[in-house]
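Just follow the structure's listing: the first ligand is 1, and inside any ligand the first atom is 1. Residue indices begin at 1 and follow the sequence shown.
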Amino acid sequence: MAANNINQFTSAIVLLGLSIMATLDFTVAQFETGVCYGMLGNNLPPPSEVVALYKQNNIQSMRLFEPDPPTLEALQGSGIIVVLGVPNSDLQNLAASQANADTWVENNIKKYHDVLVRYIAVGNEVSPSNPDTARFAQYVLPAMNNLHNTIAKGELGIFVSTAIDTGVLGISYPPENGTFRSEVTSYLKPIVEFLVDLQTPLLVNIYPYFAYVNNKAQIDLNYALFTSDGVVVPGGVKYQNLFYAILDAMYAALEKSGGSSVRIVVSETGWPSAGGDSTSVDNAKTYYTNLLKRVKDGTPKRPRRIIETYIFAMFDENQKSPEYEKHFGIFTPDKQSKYGLNFG
Ligand SMILES: *[C@@H]1O[C@H](CO)[C@@H](O)[C@H](O)[C@H]1NC(C)=O
């Protein structure tokens, strides 16, 4: 136990030094909004064209859900900052041994030394309270620890984190009352400790769209689309939009779990243009256009801090289901911009 703590402490110092260097490297692009590159379509352009499309549109960061070799090859020397996902199906293997983590980093990061990986997202939306992902929960922190050890040894200056969703919140309103569900606290608390020790952000997928369609009686569409005058919540704080309110509920829950110092990176957010309740090109365009402006301001709980955010997703993906899941793209598969978004 003690030896392990000292180890962690040493790694924290090493990582701290590296993260200062990384901050310098990433100064320009740090606060740009990125886009998730999902690949579940049979009509999508090849990775080299996708990377070119990111560059043409000044999209400076990309979230990848798995280390896809052709994409990593295409990203070499591109200057694009990458959030690299460890698929849930790989977690058990990475949790099993340090050697497995070393091999993963060798094959997916070191091999592509001109790719700027900034975060490793160890698992996506894993939660003991989610029947689809609960079986992976036991592997997340051990996999994070093993990957962190590899990263620290290699002085690679990459943050090891995990991407969670807002289903872990038991209470989310008013935002200040945000609290994790009791059945996830024993899962999340040690992860939060890891993030605090290593000064690493938590990745959170935030979808005002789903919050809105599941609570239409209570929530105004304009509030979800950033076009409301705002809502004064119990306690007296005024919220301009639902995105900020959800983000602050997550900050409040983190604070109650010892994570006051942890920054949140929004690792997914989006609004479908078709296929479901309140989906339309107009609504999606309004959502994305205003999102790009509003992430430049902070939330009531974290004022004047740019919110690092990854839009979901780059393309409409025709192999997803249900229907609305096929329409989250900001580009069509033939590379046309659906909303003319400006990442300037
Ligand atoms: C929020 O928390 C406060 C303090 O614990 C409590 O008094 C209040 O009733 C809560 N608000 C709601 C709407 O649950």
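The nearest protein heavy atom to atom 4 (C) of ligand 1 is not closer than 4.0 Å. For atom 7 (O) of ligand 1, the protein comes within 4.0 Å by no heavy atom at all.
From the protein, the heavy atom lying nearest to atom 13 (C) of ligand 1 is P174 CD, 3.5 Å.
Seen from the ring of F243, R294 does not count as a face-on cation partner, given the 6.0 Å and 45° thresholds.
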For side chain to side chain contact (heavy atoms under 4.5 Å, CB included), just list the numbers for V231 and Q240, CA-CA rounded to whole Å, side-chain angles, deciding distance to a tenth of an Å, and then say yes or no. CA-CA 6 Å; V231 169; Q240 196 277 330; over 6 Å; no
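M39 places a side-chain heavy atom less than 4.5 Å from the side chain of D68.
At a 3.5 angstrom cut-off on N or O pairs, N177 counts as close to ligand 1.
Using bins of under 30°, 30° to 60° and over 60° for the plane-to-plane angle, the ring pair F194/H148 lands in the perpendicular bin.
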